[in-house]
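Inspection log for the structure reproduced underneath, given as structure tokens.
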Amino acid sequence: MKKILQDLSFSETETLVLSLGEKKFRAKQLFDGLTQGKGINEISSLSKDLKAKLCLEYEDKPVTIKEIYRSADGTEKFLFSLADGNIVEGVLMKYKYGYTQCVSTQVGCRMGCKFCASTLGGLVRNLTAGEILSQILVVNALHKEDKNGQGKEARAVTNIVLMGSGEPLDNYEETVKFLRLVTSEEGLRISARNISLSTCGIVPKMYKLAEEGIPVNLTVSLHATDDRTRARTMPVAKAYKIEEILKACEYYFKKTGRRYYFEYTLIEGENCDETHADALVKLLSGKPCHVNLIRLNEVKERDLKALDEKNAYRFLGRLEKGGISATLRRQIGVDIGGACGQLRASYLGEE
């Protein structure tokens with residue numbers, strides 16, 4: 001597999017271009033073209049000679065859209081092809097304030113959470129920063145006529161969630177490099193405040209992320225109020241206790257000033273009766289956090305069942321009565337396998 005130009009920062013691109021005997025201004029032409037989602041050979045401002053030199057070492061298009069599935073609610077699900085033949089997926093959610101894209105950070109996942117299809121085949125490999133970024137670049141290019149925002153900031157994708165296939169903090173270095181690339185002044189300039197990173201709770205990396213100076217919205221998959229219950233669906237709970245996760249969240253708040261979020265998937269018969277709601281209130285009371293309740297997207301390979309909507313709202317009401325900031329996430333893209341890993345798993349099964 002060749003190297004990926006999208007892994008490079010603007011200054012690194014300048015260094016590369018100069019090393020090839022080209023004028024410095026060519027670096028901006030190259031970087032801008034890549035940021036627009038173009039392959040090397042599609043950047044018309046570059047000479048054939050320079051494009052040929054670049055293609056000797058670098059992938060022309062490291063990420064391409066293989067399939068698009070469109071939901072009745074406007075949500076789009078993508079299968080992305082990588083240069084080595086691997087497949088990852090992503091989702092584009094369209095809201096009044098702009099478009100939010102969910103991106104993958106790994107091919108597969110090794111965390112083993114039982115409610116997630118991403119883990120079914122285990123971890124194949126990590127994505128590079130440029131492969132994570134390219135998922136956004138190709139979707140932006142697809143929707144280049146859909147401008148959200150003002151002036152130079154106008155683009156299709158305005159918000160990013162790292163909640164696709166993979167555990168971002170298990171691919172820590174490349175994930176942080178991606179965050180620096182996507183927020184850079186020379187690139188897409190997406191504010192860190194418009195980026196959410198979801199983790200199953202790898203505590204040491206949560207502390208490390210707090211020191212990076214990139215104040216993204218930290219979201220932790222909680223899904224239980226005690227370690228024993230959590231371990232039944234999340235193997236990572238055997239390594240890091242809820243108490244340790246809460247301390248890491250407090251540290252993140254102290255360092256960044258950003259409140260943190262918890263995802264809590266409502267699984268029938270597992271974690272969503274009144275006693276669980278009361279326990280969650282007790283656990284999070286007074287903390288600068290918000291709870292996103294999620295009705296389980298059922299995975300056919302698992303035997304877990306979703307809580308019905310009526311009882312989901314009853315659970316939400318009990319949290320709100322207890323003074324907890326919480327919302328029940330609207331289910332979108334259900335008709336196209338909108339949950340993490342479902343589309344890739346289905347595609348690989350058919351293959």
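From S325, atom OG reaches atom CG of L284 across 10.5 Å, with rounding to the nearest 0.5 Å. Here the CG-NZ distance, from L319 to K321, works out to 12.5 Å after rounding to the nearest 0.5 Å. Note: D273 CG to R318 CZ = 9.5 Å, rounded to the nearest 0.5 Å. T158 OG1 to I195 CD1: the interatomic distance, rounded to the nearest 0.5 Å, is 11.0 Å. Distance CG/L316 to CG/L293: 5.5 Å, rounded to 0.5 Å. For the atom pair OG1 (T128) and CG (N171), the distance works out to 8.5 Å, reported to the nearest 0.5 Å.
Through chains of ILVMFWY side-chain contacts below 4.5 Å, L5 is grouped with L8, L16, V17, L20, L30, L34, I40, I43, L46, L50, L54, Y58. Residue L123 is found outside any hydrophobic cluster, as its side-chain heavy atoms come under 4.5 Å of no other Ile, Leu, Val, Met, Phe, Trp or Tyr.
For the pair L142/F78, a side-chain contact is recorded, criterion being any heavy-atom separation below 4.5 Å from C-beta on. Using a 4.5 Å cut-off on side-chain heavy atoms (C-beta onward), L133 and L188 make contact. Counting heavy atoms from C-beta outward, L127 and N86 have side chains that stay 4.5 Å or more apart. Side-chain contact between T327 and N292: present, with at least one pair of heavy atoms (C-beta onward) separated by less than 4.5 Å. The side-chain heavy atoms of Q36 and E42, taken from C-beta on, include no pair separated by under 4.5 Å. Using a 4.5 Å heavy-atom threshold, the side chains of L169 and L197 count as touching. Counting heavy atoms from C-beta on, the side chains of I324 and L280 never come closer than 4.5 Å.
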(Q) Is there a salt bridge (Lys or Arg N to Asp or Glu O under 4.0 Å) between K177 and E173? Walk through the geometry before answering. (A) CA-CA 6 Å; K177 186 177 180 182; E173 298 302 331; over 6 Å; no
Q. Going through the distances and angles, do E14 and F10 end up as a side-chain contact (heavy atoms from CB on, under 4.5 Å)?
A. CA-CA 6 Å; E14 280 189 332; F10 181 69; 3.4 Å; yes
Q | Candidate pair N140 and Y99, rule side-chain contact (heavy atoms from CB on, under 4.5 Å), full reasoning | A | CA-CA 10 Å; N140 259 337; Y99 293 176; over 6 Å; no
Q.
Applying side-chain contact (heavy atoms from CB on, under 4.5 Å) to V203 and Y251, what does each step give before you reach the verdict?
A. CA-CA 11 Å; V203 169; Y251 185 78; over 6 Å; no
(Q) Pair Q106, S165 - check side-chain hydrogen bond (donor to acceptor under 3.5 Å, both in side chains), show working. (A) CA-CA 6 Å; Q106 296 176 310; S165 298; over 6 Å; no
Q. For H143 and K94, what are the C-alpha separation, side-chain angles and deciding distance, and is it a side-chain contact (heavy atoms from CB on, under 4.5 Å)?
A. CA-CA 11 Å; H143 287 283; K94 301 177 181 180; 3.8 Å; yes
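For the residue pair E89 / Y69, no side-chain donor-acceptor distance below 3.5 Å is found, with atom types taken as modelled. In summary, the side chains of T105 and N126 do not present any donor paired with an acceptor at a separation below 3.5 Å, with no hydrogens or angles considered. A donor-acceptor pair shorter than 3.5 Å cannot be found between the side chains of T225 and H276. Between the side chains of T229 and D226, at least one donor-acceptor pair of N or O atoms lies under 3.5 Å. Residues D49 and S47 have side chains that never bring a donor and an acceptor to within less than 3.5 angstrom of each other.
Contact record, M206 with C249: CE-SG, 3.8 Å, taken as the closest heavy-atom pair. When all heavy atoms of T256 and A210 are compared, the pair lying nearest together is CG2-O, 4.2 Å. Residue F31 comes nearest to S9 through the heavy atom pair CE1-C, 3.7 Å, listed as atom of the first residue, atom of the second, then distance. A pairwise comparison of heavy atoms in T183 and I190 identifies CG2-O, 3.0 Å as the closest pair. Between I87 and S81, the shortest heavy-atom distance links the atoms CD1-OG, 3.6 Å. Smallest separation of non-hydrogen atoms from I202 and Y240: CA-CE1, 3.9 Å.
For K2, the NZ atom counts as densely surrounded, since its 6.0 Å shell holds more than 12 non-hydrogen atoms of other residues, nucleotides or ligands. No more than 12 heavy atoms of other residues, nucleotides or ligands sit less than 6.0 Å from atom NZ of K28. Heavy-atom contacts from other residues, nucleotides or ligands closer than 6.0 Å to OH of Y313 number 12 or fewer. The 12-atom threshold is exceeded at CD of E320, counting heavy atoms of other residues, nucleotides or ligands nearer than 6.0 Å.
Not one N or O on the side chain of R125 forms a donor-acceptor pair closer than 3.5 Å with the backbone of V107. Using a distance-only test at 3.5 Å, with no hydrogens or angles considered, a donor-acceptor pair links the side chain of R26 to the main chain of S45. Using modelled atom types, no side-chain atom of S134 and backbone atom of E131 make a donor-acceptor pair closer than 3.5 Å. Y172 places a side-chain N or O within donor-acceptor distance of the main-chain N or O of K208, the cut-off being under 3.5 Å. Side chain of D227 to main chain of A237: no donor-acceptor pair is present (N/O by atom type, distance under 3.5 Å, no hydrogens or angles). No donor-acceptor pair under 3.5 Å is formed between the side chain of R70 and the backbone N or O of E76. A distance-only check finds no donor-acceptor pair linking the side chain of N41 to the backbone of D60 [under 3.5 Å]. Of the possible polar contacts, none joining the T13 side chain to the A27 backbone as a donor-acceptor pair under 3.5 Å is found. Remark: side-chain polar atoms of D84 are not paired, donor with acceptor, to backbone N or O of M1 under 3.5 angstrom. Judged purely by atom type and a 3.5 angstrom limit, E212 has no side-chain atom pairing as donor or acceptor with the backbone of R180.
Between E167 and K205, none of the side-chain N atoms (NZ, or NE/NH1/NH2) sits under 4.0 Å from a carboxylate O, so this pair counts as no salt bridge. In summary, D278 and K282 do not engage in a salt bridge, as defined by a charged side-chain N under 4.0 Å from a carboxylate O.
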For residues 257-268, please give each side-chain donor-acceptor pair under 3.5 Å, one per line with the distance, not counting sequence neighbours.
unit_1, atom_1, unit_2, atom_2, d
R258, NH2, N217, OD1, 2.6
Y260, OH, E250, OE2, 2.5
E263, OE1, S198, OG, 3.2
E263, OE1, S221, OG, 3.2
E263, OE2, R329, NH2, 3.3
Y264, OH, N271, O, 2.6
T265, OG1, H223, ND1, 3.4

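I4 and V103 fall into different hydrophobic clusters, where Ile, Leu, Val, Met, Phe, Trp and Tyr are joined by side-chain heavy atoms under 4.5 Å apart, directly or via other members. There is a path of hydrophobic side-chain contacts, each under 4.5 Å, that joins L162 to F80. Criterion: ILVMFWY side-chain heavy atoms under 4.5 Å apart, direct or through other members. Under it, L307 and I294 are not part of a common hydrophobic cluster.
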